[in-house]
Amino acid sequence: MADQKQHLYLVDGSSYIFRAYHRLPPLTDPEGTPVGAVYGYTTMLWKLADDLDAAHGPTHLAVILDKDSKSFRNDIYPEYKANRPEPPEDLRPQFPLIRDATRAFSLPCIEEAGLEADDLIASYAREAQRQGWNVTIVSSDKDLMQLIGEVDGARIDMLDTMKSARIYIPEVEEKFGVAPELVGDVLALMGDSVDNIPGIYGVGPKTASKLIAEHGSLTAALDSAEDMKKSKLKERLLEHRDDAEMSRVLVTLKEDCDLPQPLEEMQIEKIPEEPLAAFLEKHGFTSLLKRLGTGSGSPERANNLHPAAAEKAGDAGDVEGNSQPLPDMPKIDRSAYETVQTEDRLKHWAERAISARLVAVDTETSALDAMRAELVGISLALGPNDACYIPLAHGGSDMFDEKPEQVELEKALEILSPMLSDASVTKVFQNGKYDLNVLARYGVEVAPIEDTMILSFDLDAGRGQDGIGGGHGMDELSERHLGHQPLAFKDVCGTGKKAIPFGQVPLDRATEYAAEDADVTWRLYQHLKPRLAIEGGTKVYERVDRPLIPVVAQMEREGIKVDRARLAKLSEEFATETASLEKDIHEIAGQEFAVGSPKQLGEVLFNEMGFKGGKKGKSGQYSTDQSVLENLAKDEEGAPIAKKVLEWRHLSKLKSTYTDALQAQINPDTGRVHTSYSLVGAQTGRLSSTDPNLQNIPIRTAIGRQIREAFVPESGNVLLAADYSQIELRLAAHMADVDTLKEAFANGEDIHSRTATEMFGEVTRDTRARAKTINFAILYGISRWGLAGRLEVEPDEAQDMIDTYFKRFPGIQRYIMETLETVREQGYSETLFGRKTWFPRIKSKNQAERQGSERAAINAPIQGTSADIIKRAMARMLPALEDAGLSDVRMLLQVHDELVFELPEGDVAAASPIIERVMAEAALPAVELDVPLAIDIGTGASWDAAH
DNA sequence: CGGATCACG
DNA sequence: GACGTACGTGATCCGA
């Protein structure tokens with residue numbers, strides 16, 4: 001008998017690489033091969049190998065892979081997995097590398113034609129269990145959860161390495177509401193859209209779990225349908241019984257496959273250094289390579305991997321590799337954190353923070369909305385693993401539990417405030433705007449601050465692709481830069497209806513989560529801040545973005561007053577009008593249908609009513625967008641219904657998105673609407689606005705403008721709107737150095753008219769409108785087909801116009817070529833103030849993808865410079881007004897080229913010239929433009945009237 | 001949760 | 001020779 005129980009680890013390699021691919025940045029090795037998923041896979045094996053000596057660690061280990069896409073399940077059901085999309089282009093070359101990586105670790109790698117990895121895993125797991133071994137399946141695939149459980153003391157459990165979570169019977173019961181043996185029955189009912197397993201149509205995980213838990217088996221659940229009272233569910237159970245029974249077969253794992261390699265051969269003791277070292281070297285995983293020599297644990301990060309964008313891009317690509325070595329930080333250790341429950345300990349931490357001069361801070365609250373959330377606790381970090389959590393409003397898990405001991409909230413803030421406002425103590429946040437707003441509502445001012453989210457944005461905007469690895473949230477940053485996955489909020493509080501407020505999380509758990517966030521923030525700061533100077537991000541961070549954080553925070557707290565009664569009245573009018581339009585539309589169509597459903601509308605118009613001009617898109621659905629309906633409206637037969645649908649759309653959009661939604665957004669405490677601006681929302685450096693979005697309030701139609709009339713000042717005040725006139729075209733004139741355009745702006749000419757003169761020789765309504773379209777087309781990166789579509793001319797004619805434009809304004813073409821050349825060379829574009837936007841796909845082999853990046857790259861310096869300028873104006877605005885003794889002016893909103901203020905009527909005359917000057921001079925002294933920046937200012941008793 | 005649509009600069 | 005056509009956002013609805 002072996003002295004230690006045998007323990008087999010079965011790694012579900014195939015499912016792992018898909019998850020790794022989607023979660024890791026698109027890294028490439030020195031040869032340019034994409035290796036993001038391989039890197040993730042390698043670190044995962046590394047961690048497992050690290051556990052070789054551990055008590056619960058593996059004695060035997062094998063990786064199981066899918067051989068090909070077909071299996072015996074396709075014989076039962078040909079559509080099995082038929083919906084699977086092809087793997088992404090830059091993942092495909094990584095599949096063979098996964099095998100290489102496995103061999104590099106000298107581990108067995110098992111795959112078998114006609115069998116899926118799941119079946120091999122099931123068969124190996126059962127065989128090992130029969131021999132009395134323990135088994136751990138390294139996967140998070142829910143299908144495999146069927147296997148979990150114990151037979152004669154031999155356990156099968158699962159390990160989700162991405163979440164660092166063990167999965168055993170309680171976790172399965174939590175997820176499925178039934179024991180592991182019944183998981184297959186639940187899966188058969190609910191189906192699986194990814195694998196294309198039908199299940200019962202209309203039955204999801206909730207209903208499936210409930211039915212199986214109630215009846216004890218699939219058959220019993222299906223049989224019970226007979227006795228159910230009449231319902232949709234009953235019908236569906238009866239009608240689709242066959243589907244469920246076939247699904248049951250599909251989800252059943254084959255547990256008796258022949259085992260291609262005997263269990264004994266999977267024994268491991270120590271990973272030999274070769275060929276692992278050669279593999280790590282070949283793919284540039286040097287930080288792992290270094291660890292191999294020292295024999296220490298898993299890596300913090302791979303620091304010589306190149307972002308795919310910077311591939312062969314000269315010095316830019318080496319930036320990460322050249323960055324200063326990080327102080328060697330110990331692994332995150334959640335058990336090291338302190339829960340601060342007494343005044344003495346709190347004072348101790350405050351004193352330590354003051355002498356440390358740098359402290360990472362994070363607040364925990366009861367809600368996501370900074371204007372409504374209540375403070376629940378604060379965490380601090382002074383170094384790696386040197387962190388604490390200060391609970392301030394934790395209650396028991398229910399009203400009968402006693403509250404845990406904690407420092408009283410006011411007292412705690414009194415102790416912390418001097419430190420938080422101490423000019424010699426830097427407070428580091430992740431998205432500090434949120435914490436600033438929460439603390440400000442408790443009367444606590446915080447300065448000076450640093451912000452890791454903004455640091456990341458200023459260094460890496462645009463670096464991800466299609467949402468992969470490009471974000472600036474804490475969890476993503478931690479994984480990307482620290483190689484560590486922090487506890488997720490939902491792991492602590494749950495999600496959906498079962499979610500509990502943070503204040504009810506037990507203190508030990510709350511401390512692990514909250515203090516870790518401060519710890520991670522502290523570490524990220526150490527990592528990101530040094531990169532600024534090396535990579536040229538200091539200016540934009542220090543001069544533009546960081547100063548803006550408290551300014552935007554204050555704007556959010558100000559909010560804006562809306563006239564609720566007025567909105568309600570509009571809602572009512574829109575409701576009446578849409579109802580009557582809907583009736584008319586049904587009458588014309590000769591049938592009732594959901595006007596709001598593009599699918600139904602398309603079928604009614606182009607099938608039932610037989611109108612021509614129906615075009616189906618990718619989804620196989622008719623397009624019914626504005627342009628289609630406008631064309632239909634030109635047709636005598638089509639006009640009546642098309643016009644009414646257009647009108648219906650217009651009104652129902654205004655009602656649902658604005659008049660209804662804005663009323664609901666009024667904050668009960670302040671009576672005003674508080675948007676939330678994202679400082680990292682747009683890759684170009686613009687702000688974005690959410691909850692509600694106040695940057696897309698209607699203005700282009702008279703009906704829509706009524707909504708603007710509901711944005712009003714407090715009595716005795718007015719609203720003042722100041723906007724940059726044609727700022728992007730002015731910047732284009734400057735950046736492309738176009739004399740004609742610069743001269744026109746210097747003379748205060750109407751730029752579209754001037755363009756019309758240059759291009760068509762005369763200014764008429766028509767030529768001016770065309771010129772305007774062309775001017776914008778230039779800013780957005782032009783194509784003859786795009787312009788042709790907009791102007792409703794032939795592509796040839798559009799090309800002539802583009803040629804003429806380039807001839808008349810010669811700098812433009814040069815600007816476009818030069819911009820693209822530098823972006824291709826260095827991987828990113830830059831604004832006049834040095835803000836970078838990365839374009840990882842600028843060299844894509846996919847033409848559409850590449851051209852899309854090119855258009856974005858042409859636009860980004862212009863849109864981004866404009867964003868820089870208004871941000872600089874915002875940061876200077878209130879101090880400038882205060883210097884002039886105007887302390888009652890409140891800055892409320894920013895809409896890309898416009899600022900909205902609320903101020904006493906009597907201050908308008910004095911404030912207007914100051915606002916104008918600050919905006920006009922915002923580029924100075926860093927940048928001296930060749931064109932003046934003109935500002936239009938208006939005031940009025942509503943936002944509409946101020947225009 | 002993705003697609004279609006439409007509101008803004 | 002085919003591809004798919006203007007940049008940047010966010011909210012709502014539908015339908016799976």
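Chain identifiers are assigned alphabetically (A, B, ...) following the order of the sequence lines, protein sequences preceding nucleic acid strands; residue numbering begins at 1 within each chain.
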- Task: Applying ring pair (Phe, Tyr, Trp, His ring centres under 6.0 Å), name anything that partners A/Phe901, two or more places apart in sequence or on another chain.
- Result: none
Review item, side-chain donor-acceptor pairs of residues 811-820 of chain A, under 3.5 Å, at least two apart:
residue, atom, partner, partner atom, Å
A/Tyr815, OH, A/Ile858, O, 3.2
A/Thr819, OG1, A/Tyr815, O, 2.6

- Mind checking what makes salt bridge (charged side-chain N to carboxylate O under 4.0 Å, His left out) contact with A/Glu830, not counting sequence neighbours? none
- Is it true that a side-chain atom of A/Thr675 and a backbone atom of A/Thr690 form a donor plus acceptor pair closer than 3.5 Å? yes
- Distance in angstrom units between A/Glu630 CD and B/dT5 P, rounded: 13 Å
- Message: I need the CG-C1' distance between A/Asp868 and C/dG8, as an integer number of Å.
- Response: 14 Å
- Query: Around atom CD of A/Glu794, are there more than 12 heavy atoms of other residues, nucleotides or ligands at under 6.0 Å?
  - Reply: no
- Between atom CG in A/Leu646 and atom C1' in B/dC6, what is the gap in whole Å? 12 Å
Provide a list of protein-nucleic acid N or O atom pairs under 3.5 angstrom, restricted to nucleotides 1-3 of chain B.
none

- Rounding to the closest angstrom, what is the interatomic distance between B/dT5 and C/dC3 at atom C1'? 25 Å
- Query: Counting only non-hydrogen atoms, which of residues 850-867 of chain A are less than 4.0 Å from DNA chain B?
  - Reply: A/Gln863
- Look at the side-chain N and O atoms of A/Gln726 and state whether any lies under 4.0 Å from the OP1 or OP2 oxygen of B/dG9. no
- Take atom CZ of A/Phe839 and atom C1' of C/dG8, then tell me their distance rounded to the nearest Å. 11 Å
- Item | A/Phe776 and A/His752 aromatic ring geometry - parallel, tilted or perpendicular at 30°/60° bounds | tilted
- How far does OG of A/Ser866 sit from CD1 of A/Ile727, to the nearest 0.5 angstrom? 4.0 Å
- Heavy-atom contacts under 4.0 Å between residues 781-788 of chain A and DNA chain C, which residues? A/Gly781, A/Ser783, A/Trp785
- Query: Under 3.5 Å, is there a donor-acceptor pair between the side chain of A/Arg835 and the main chain of A/Thr865?
  - Reply: no
- For A/Ala923 and A/Arg872 the tightest heavy-atom approach is O-NH2, 3.4 Å
- Note on the structure: Between CG of A/Leu791 and P of C/dT5 the distance, given in whole Å, is 17 Å
- Message: With the threshold set at under 4.0 Å for non-hydrogen atoms, list the residues of residues 648-662 of chain A touching DNA chain C in residue-number order.
- Response: A/Lys653, A/Ser656, A/Thr657, A/Ala661
- Message: Under the rule for ring pair (Phe, Tyr, Trp, His ring centres under 6.0 Å), what residues qualify as partners of A/Tyr677, not counting sequence neighbours?
- Response: none
- Return no unless some side-chain N or O of A/Thr624 is found under 4.0 Å from OP1 or OP2 of B/dT5. yes
- Message: Let me check I have this right: for DNA chain C, each base becomes ., (, ), [, ] or |, based on Watson-Crick or G-U pairs with both distances under 3.5 Å. What is the full string?
- Response: ......|||||||||.
- Would you mind listing every salt bridge (Lys or Arg N to Asp or Glu O under 4.0 Å) that reaches into residues 676-695 of chain A, with sequence neighbours excluded? A/Arg686-A/Glu728
- Message: So, taking the atom named CD in A/Glu603 and the one named CZ in A/Phe593, what distance separates them when rounded to the nearest 0.5 Å?
- Response: 11.0 Å
- Task: Quick one: list whatever passes salt bridge (charged side-chain N to carboxylate O under 4.0 Å, His left out) with A/Asp750, sequence neighbours left out.
- Result: A/Arg768
- Message: So does A/Thr659 get a backbone contact from the side chain of A/Gln663, meaning a donor-acceptor N/O pair under 3.5 Å?
- Response: yes
- Message: Under 4.0 Å from OP1 or OP2 of B/dT5: is there any side-chain N or O of A/Ser623 that close?
- Response: yes
- Item | Set of side-chain contact (heavy atoms from CB on, under 4.5 Å) partners for A/Ala945, sequence neighbours left out | A/Ser942
- Within less than 4.0 Å of OP1 or OP2 of C/dG8, is there a side-chain N or O belonging to A/Thr684? no
- Message: Quick check against the 3.5 Å criterion: does A/Thr837 have a side-chain atom that pairs as donor or acceptor with the backbone of A/Gly462?
- Response: no
- For the pair made of OH in A/Tyr780 and P in B/dG9, what is the distance, rounded to whole Å? 10 Å
- So A/Phe606 and A/Tyr622, would you call those rings parallel, tilted or perpendicular, with 30° and 60° as cut-offs? tilted
- Note on the structure: The nucleotide from B/dT5, C/dA11, B/dC8 with an atom nearest the side chain of A/Ile699 is B/dC8
- Would you please confirm or rule out a distance under 4.0 Å between OP1 or OP2 of C/dG15 and any side-chain N or O of A/Ser597? yes
- Query: In whole angstrom, what separates A/Ile697's CD1 from B/dC6's C1'?
  - Reply: 13 Å
